[in-house]
Amino acid sequence: MKLEKHQIEEHNHKLLESHKCKVDFLKSEIKGSEEIIRKLVEFQIAIPSWALGTGGTRFGRFAGAGEARSLEEKLEDIGLLHALNKSSGAISLHIPWDIPKNAKNTKALAAQLGIKFDAVNSNTFQDQKNQSHSYKFGSLQHVDKAVRDQAIDHNLEVIHYGKELGSESITVWLSDGSCFPGQLNFRKAFENTLDGLQKIYTALPGNWKMFVEYKAYEPNFYSMTVGDWGQSLLYASKLGPKAYTLVDLGHHLPNANIEQIVSLLLMEGKLGGFHFNDSKYGDDDLTVGSINPYQLFLIFHELVEGMDARKMNHASDLGWMIDASHNVKDPLEDLLQSVEAIQLAYAQALLVDQQALEHAQQKNDVTLAQEILQTAYRTDTRALVAEARLQAGAALNPVGFFRDLKVREHLIKERGMQTIATGL
Ligand code: LRH
Ligand code: MN
């Protein structure tokens, strides 16, 4: 479904007056609003190809309707999201769920929709049909060299597809680990995994990055061979300058201080990017900012402080990606809300008076430091984020417009009720 410019202008026209009121008031209240709006316009978030359909759990999946049936339809859906918020200008592919049948055509369609190819993801956590060796007991960690070599070859294949499409990074998430004490020799599992990652690293094109994604548990429930930020940092440090850690917000043990992890990985120059989502218990892959928006703000506060300390470009120097799974909501509405939540937290973090905060910290004035931080968090930045969309030619109210346009009804007419998108 393609959105015409005039449709967006008509939608914005109805909301313009109240929007102008809100944004003018906010501009009168804060310093540097134009610079913040410029940064928001630049800030693009990659949409996961595996989250455009309805996800499920082991207890079941309640099918959605009108879902994307192919990589082309997934690109069209992301094109629609990008037309609505001009902040979803990239896709993160998962191989083999989204193997491009004709990379040239896929690349041309993406370019037409203004979509870039962010990190490609390998998959050695499922056995594919007619696969020679099973990943039941792991992939790169496996005791059997034939299984390890199969997993390495798969990652080289993923890099090949990424190169064809113009991607410049690969995310390696390994489900490897163990379910019971005694099942695995941790040292040998680490050494096998490092050896495998090294062989994949060596095959990286010059300008590529490798993101090593860690996870505390699931699908293994006693140990994971890339189980936390320390292990991921160990791999990335031993691999070389093109290897980084990837922080999936849902991959931590309860009450982990993720913002401190982010600060230290940035300090080490080994933070590669994010898989944004939210969770209350485990790897729930819920809408970003839907459970713990204050934590998301604190993470962006550490990002802005740490990236400015290293003079990094906020928009391009880290991988900004969503990784979510939608069990009860329309996947496209959910993704629109997630992008909005990320932009809101980023805008709030840009409002923090860093100098005043540093001054308060130097004086151990804890209350003042908290007041400075929470003043930014308690500032409603919705009008700023909406103004960034307006200036970028997008919709003032993406979810409202998505509904007014009856997009899902259109997609159902086009694609039918019983359609399943590849992915989780
Ligand atoms: C693992 C993970 C990983 C993806 C998968 C879809 O939990 O976060 O990033 O490969 O989800
Ligand atoms: Mn992830």
Side-chain angles (χ1 to χ4, degrees), residues 45-58 61 74 90-99 118-128 135 138-141 151 154-155 157-159 161-162 167 169-177 193 197 200 209-221 223-229 231-232 235-236 244-253 256 258 261-262 265 271-279 281-288 296 299 318-327 331 334-335 338 342 421-424:
I45 298 140
I47 306 295
S49 63
W50 60 92
L52 293 163
T54 304
T57 71
R58 58 187 169 163
R61 176 179 176 278
K74 289 186 177 191
I91 183 172
S92 182
L93 286 188
H94 220 298
I95 306 290
W97 294 335
D98 301 295
I99 291 180
D118 206 310
V120 282
N121 298 264
S122 59
N123 177 343
T124 57
F125 51 85
Q126 293 172 327
D127 289 345
Q128 307 305 323
Y135 292 132
S139 61
L140 296 183
Q141 78 170 21
H154 165 68
N155 279 276
E157 192 194 353
V158 171
I159 292 171
Y161 286 120
S167 172
S169 53
I170 180 172
T171 296
V172 181
W173 171 66
L174 301 171
S175 60
D176 295 24
T193 301
L197 289 173
I200 299 164
K209 292 178 177 177
M210 172 193 276
F211 300 142
V212 181
E213 183 177 2
Y214 60 87
K215 185 173 183 178
Y217 67 93
E218 189 203 40
N220 278 293
F221 296 102
S223 77
M224 293 287 277
T225 301
V226 189
D228 63 21
W229 70 283
Q231 294 172 47
S232 174
Y235 285 112
Y244 299 85
T245 64
L246 187 137
V247 178
D248 184 314
L249 301 193
H251 288 188
H252 299 83
L253 294 173
I258 303 176
I261 293 170
V262 166
L265 289 173
L271 177 63
F274 288 86
H275 277 180
F276 289 112
N277 47 54
D278 211 338
S279 49
Y281 303 106
D283 188 18
D284 312 341
D285 280 344
L286 300 174
T287 319
V288 182
L296 185 67
I299 289 170
L318 288 181
W320 309 109
M321 296 165 273
I322 290 171
D323 181 358
S325 177
H326 326 285
N327 303 341
D334 199 324
L335 290 163
S338 282
I342 293 167
T422 54
L424 281 181

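Note that the structure is a prediction, hence the values are computed from the model and not measured. Read the numbers this way: they start at 1 and go in the same order the structure lists the ligands and their atoms. Below, all heavy atoms of this structure are taken into account, side chains as well, without hydrogens, waters or symmetry copies.
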Practice item. Give yes or no for whether the N/O distance cutoff of 3.5 Å, strictly under, is met between Asp283 and ligand 1. Key: yes
Exercise for review: List the atom of Leu335, the atom of Ile322, and the distance in Å for their closest heavy-atom pair.
Suggested key: CD2-CG2, 4.1 Å
Check your understanding: Under 4.0 Å from any heavy atom of Asp248, which atoms of ligand 1 are there?
Key -> 8 (O)
Review point. For atom 8 (O) of ligand 1, which of Asp285, Thr124, Asp323, Asn123 has the closest heavy atom?
Key: Asp323
Review point. Does Asp127 use its side chain to pair, donor to acceptor, with the backbone of Tyr135 at less than 3.5 Å?
Key: yes
Review point. So among Asp98, Asn121, Asp323, which one has a side chain to side chain donor-acceptor pair (under 3.5 Å) with Trp50?
Key: Asp323
Check your understanding: Heavy atoms only: which of Glu218, Glu213, His94 is nearest to atom 3 (C) of ligand 1?
Key -> Glu213
Practice item. Look at the side chain of Asn220 and the backbone N and O of Glu218, then say whether any donor-acceptor pair between them is shorter than 3.5 Å. Key: no
Exercise for review: Please list, chain by chain and in numerical order, all residues satisfying side chain to side chain donor-acceptor pair (under 3.5 Å) with Tyr235, sequence neighbours excluded.
Suggested key: none
Review point. Would you say His275 has any N or O atom under 3.5 Å from an N or O of ligand 1, going by distance alone?
Key: yes
Check your understanding: If you look at every heavy atom in Asn155 and Thr124, which pair is closest and at what distance?
Key -> ND2-CG2, 4.2 Å
**Study point:** Member of Ile159, Leu93, Thr171 meeting the side-chain contact (heavy atoms from CB on, under 4.5 Å) criterion with Val120
**Key:** Leu93
Review point. Rounded to the nearest 0.5 Å, what separation is found between the OH atom of Tyr214 and the CD atom of Gln231?
Key: 11.0 Å
Point to revise | Proximal atoms of ligand 1 relative to Trp50 (non-hydrogen, under 4.0 Å) | key: 6 (C)
Check your understanding: How far apart are the closest heavy atoms of Ile200 and Met210, and which atoms are they?
Key -> CG2-CE, 3.5 Å
Check your understanding: Has Asn121 got any heavy atom lying under 4.0 angstrom from an atom of ligand 1?
Key -> no
Study note, to complete from the structure: Taken by chain and residue number, the protein N/O/S atoms under 2.8 Å from the Mn ion (ligand 2) read Glu213 OE2, Asp248 OD2, His275 ND1, Asp323 OD2
Review point. Can you check whether Lys215 has an N/O within less than 3.5 Å of an N/O in ligand 1?
Key: yes
Exercise for review: For Val226 and Leu174, work out which heavy atoms get closest and say how close.
Suggested key: CG2-CD1, 4.2 Å
